[in-house]
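Taking it in order: structure first as structure tokens, then the write-up.
Here the structure is a predicted model, which means the values were calculated and not measured.
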Amino acid sequence: MLQFGFVKSLAIWIVVLAGLVLAMPNLFYDRVERHNDAARLVARGQTLTPDQQADLAAWPGFLPSAIVNLGLDLRGGVYLLVEVAVEDVYGEIMDGIWPAVRDAVRAVPGVSTVRRLPAEPGELRLRIDNPDAMPAALAAASAVDGYEIEARDAGDGVISIRLTEAERAALDDRTVEQSLEKIRRRVDEAGTREPAIQRQGDRRIVVQVPGLGSAEELMEIIGRTARLSFHPVIRAGKEGERVGFDELLLPSEDGGWYVVERRAVVGGEELVDAQPSFDQDGRPAVSFRFNAVGARKFGDYTAANVGKLFAIVLDGKIISAPQIRSHIPGGSGIITGRFTVEETARLAVLLRAGALPAAIRVLEQRTVGPELGQDSVEAGRLASIIAMVAVVAFMIASYGLYGVFAALSLLANIALIFAILSQLGATLTLPGIAGIVLTIGMAVDANVLIFERIREELRAGRGVSRAVEEGYRRALSAILDANITTLIAVVILFFVGSGPVRGFAVTLGIGVVTAVFTAYYVTRALMAAWLARRRPKTITI
């Protein structure tokens with residue numbers, strides 16, 4: 001039958017109405033965006049300024065507020081391509097396993113001394129005093145838990161230890177994934193709008209942050225490793241002094257040098273919170289709090305070492321070396337130094353997000369000005385309007401009243417596209433706009449197939465209702481075939497392409513699905529309602 005059942009008709013109009021309502025916030029983009037920014041601050045527990053309160057009240061809370069995010073090329077902002085220095089992690093792992101390897105080799109019968117030798121990053125070299133015990137020493141070193149390592153005899157009583165190739169590959173992948181997550185957390189903590197952060201290749205990460213004015217501003221957020229640790233101070237040192245492998249010579253912010261133990265008592269990974277604050281003298285500082293494990297270690301150490309110096313090390317530099325005056329329970333404290341208020345706020349963000357597992361190197365950076373982005377928005381809007389007007393004019397000129405039905409379903413199609421993009425939190429770029437413009441042209445293809453099929457049925461002498469019903473039924477297979485092949489191409493573009501190509505694939509894929517729905521169901525519902533009301537004896541398409 002041409003007419004849908006009541007339930008199916010109701011479902012069709014509910015979907016269309018939902019699309020119109022969910023797409024509506026995009027018509028008031030600036031107002032809704034300011035409302036969302038203020039609502040995000042409220043969710044974080046921050047106090048709003050009067051201007052922010054006005055922004056929050058500018059859009060009713062009971063209405064949908066999801067909008068399509070504008071990409072870098074439409075809003076302006078910063079693009080960075082960075083590479084993760086995964087090799088930095090190898091040296092840290094060798095430092096970490098050295099005590100266990102030393103103890104395991106020293107326990108071998110016939111070995112009394114084990115001495116670490118200088119080596120390139122990623123290699124641990126040690127010399128034993130009894131070369132005859134080398135086979136047993138190699139077996140003991142290889143059996144150390146934690147990482148897959150390979151130990152070999154380098155001659156003259158020297159053992160060379162490296163990670164296996166499989167362990168390196170797995171470690172590289174974990175390091176890049178951890179860096180990706182840390183960068184995402186930092187950018188989110190900084191309050192920027194809808195960044196696009198994704199992995200590219202084995203070691204590279206693409207970071208796109210709309211709304212930022214310079215690459216330097218972004219690098220201040222993501223470029224710093226922000227590795228915090230707390231080390232016992234052994235003694236005051238001087239620049240260039242040679243220290244043991246279990247010691248570190250680090251500079252201090254006051255211009256001096258200290259020798260500290262290499263192994264940290266507590267690390268930044270055990271921090272659960274960090275906030276900008278002020279010390280007892282009113283100077284900017286950062287307050288911190290450890291988790292239960294960190295609090296216990298911090299409390300035990302301070303209780304056992306009252307009167308000793310305790311170095312707070314950030315990215316290889318001592319920012320403070322206070323004296324432990326008493327037991328510090330509770331796992332909280334404060335970091336003081338030569339900070340400004342802005343620096344403490346930025347440092348707190350970095351500490352909350354966590355340290356990067358390895359340093360990052362900038363390979364490419366671009367800054368897109370907001371004026372250029374606004375020009376792109378206007379050009380995309382103009383192209384979409386021209387395309388829609390041209391398609392609607394063609395359909396009405398070719399099919400009259402039924403072209404009007406096709407135009408109405410086209411408007412519903414555009415609303416559904418923006419509704420879905422908004423709910424997905426998708427980012428719209430220039431290629432995405434191209435996908436929408438292409439969808440506008442393709443959306444009426446199904447209507448053309450249906451109308452031409454109805455013409456053939458009318459020429460064959462069928463009645464109006466029967467001709468329309470058969471036209472829809474027989475055109476369905478051709479519509480599905482055409483759009484399924486398009487979807488296959490879209491899927492290939494999405495999984496093989498990257499960046500702008502994937503944005504184009506997303507909008508085009510959504511547009512194909514909504515176009516089939518609106519052409520076959522919405523247009524048919526409109527035509528069936530009109531025929532049921534007017535009951536014409538004949539129609540001309």
Side-chain angles (χ1 to χ4, degrees), residues 85 87-107 111-129 137 141 144 146-147 149 151 154 156-163 224-270 294 297-298 300-302 304-324 335-338 355-359:
E87 60 276 4
D88 292 352
V89 180
Y90 303 154
E92 295 178 7
I93 291 176
M94 294 297 106
D95 292 339
I97 67 173
W98 155 240
V101 171
R102 177 193 59 200
D103 296 342
V105 174
R106 188 179 289 165
V111 176
S112 57
T113 60
V114 180
R115 187 163 60 91
R116 186 174 179 179
L117 303 176
E120 63 184 39
E123 181 186 18
L124 177 62
R125 294 176 68 88
L126 51 98
R127 175 176 278 124
I128 59 176
D129 60 344
V144 172
Y147 297 93
I149 59 176
D156 196 23
V158 176
I159 299 176
S160 175
I161 298 175
R162 290 179 178 271
L163 297 172
R224 192 172 180 180
T225 307
R227 184 171 288 114
L228 181 73
S229 54
F230 296 78
H231 298 254
V233 175
I234 300 174
R235 65 182 184 277
K238 58 182 179 179
E239 186 176 0
E241 178 182 350
R242 295 188 64 182
V243 298
F245 280 107
D246 293 329
E247 301 172 342
L248 291 172
L249 177 65
L250 299 177
S252 174
E253 282 199 342
D254 59 10
W257 293 78
Y258 289 94
V259 178
V260 303
E261 291 185 14
R262 180 180 294 272
R263 183 182 292 272
V265 174
V266 192
E269 66 276 4
E270 291 163 317
K297 292 192 292 186
F298 189 69
D300 292 347
Y301 182 83
T302 56
N305 293 273
V306 174
K308 296 183 179 179
L309 298 181
F310 199 35
I312 303 174
V313 180
L314 181 67
D315 288 344
K317 187 174 184 178
I318 298 175
I319 59 176
S320 180
Q323 185 181 42
I324 301 173
I335 302 173
T336 59
R338 298 177 180 179
L356 292 176

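Closest of all the heavy-atom pairs between Tyr147 and Ile97 is CD1-CG2, 4.0 Å. Arg262 approaches Glu247 most closely through the heavy-atom pair NH2-O, 3.5 Å. When all heavy atoms of Val144 and Ala100 are compared, the pair lying nearest together is CG1-CB, 3.8 Å. Closest approach of Gly240 and Leu249 over heavy atoms only: N-CD2, 3.9 Å. Considering all non-hydrogen atoms of both residues, Trp98 and Arg115 come closest at CH2-C, 4.4 Å. Between Arg162 and Gly122, the closest heavy-atom pair is CG-O, 3.9 Å.
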Apply the test ring pair (Phe, Tyr, Trp, His ring centres under 6.0 Å) to residues Tyr301 and Phe230: give CA-CA distance (whole Å), side-chain angles for both, the deciding distance (0.1 Å), then the verdict.
CA-CA 11 Å; Tyr301 182 83; Phe230 296 78; over 10 Å; no
Quick one, Leu163 with Met94, criterion side-chain contact (heavy atoms from CB on, under 4.5 Å). Give me CA distance, side-chain angles, the key distance, then yes/no.
CA-CA 9 Å; Leu163 297 172; Met94 294 297 106; 4.0 Å; yes
After noting the C-alpha distance and the side-chain angles of Ile234 and Glu261, does the key distance pass the side-chain contact (heavy atoms from CB on, under 4.5 Å) rule?
CA-CA 7 Å; Ile234 300 174; Glu261 291 185 14; 3.8 Å; yes
Check the pair Ile318 / Val260 against side-chain contact (heavy atoms from CB on, under 4.5 Å), numbers first and verdict last.
CA-CA 10 Å; Ile318 298 175; Val260 303; 4.2 Å; yes
Given side-chain contact (heavy atoms from CB on, under 4.5 Å), test Arg263 with Asp246 step by step and report yes or no.
CA-CA 7 Å; Arg263 183 182 292 272; Asp246 293 329; over 6 Å; no
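Annotation: the span from Glu123 atom CD to Leu117 atom CG amounts to 9.5 Å, rounded to 0.5 Å. To the nearest 0.5 Å, atom CD1 of residue Ile159 and atom CZ of residue Arg127 are 11.0 Å apart. The CD1 atom of Ile312 lies 6.0 Å from the CD1 atom of Ile319; values are rounded to the nearest 0.5 Å.
Put simply, the side chain of Ile93 does not reach to within 4.5 Å of the side chain of Ile149, judged on heavy atoms. Contact check for Arg102 versus Leu126: no side-chain heavy atoms found under the 4.5 Å cut-off. Inter-residue side-chain proximity for Arg116 and Leu124 is flagged as met; some heavy-atom pair is nearer than 4.5 Å.
For Asp129 (side chain) and Ser112 (main-chain N/O), a donor-acceptor pair under 3.5 Å exists by modelled atom type.
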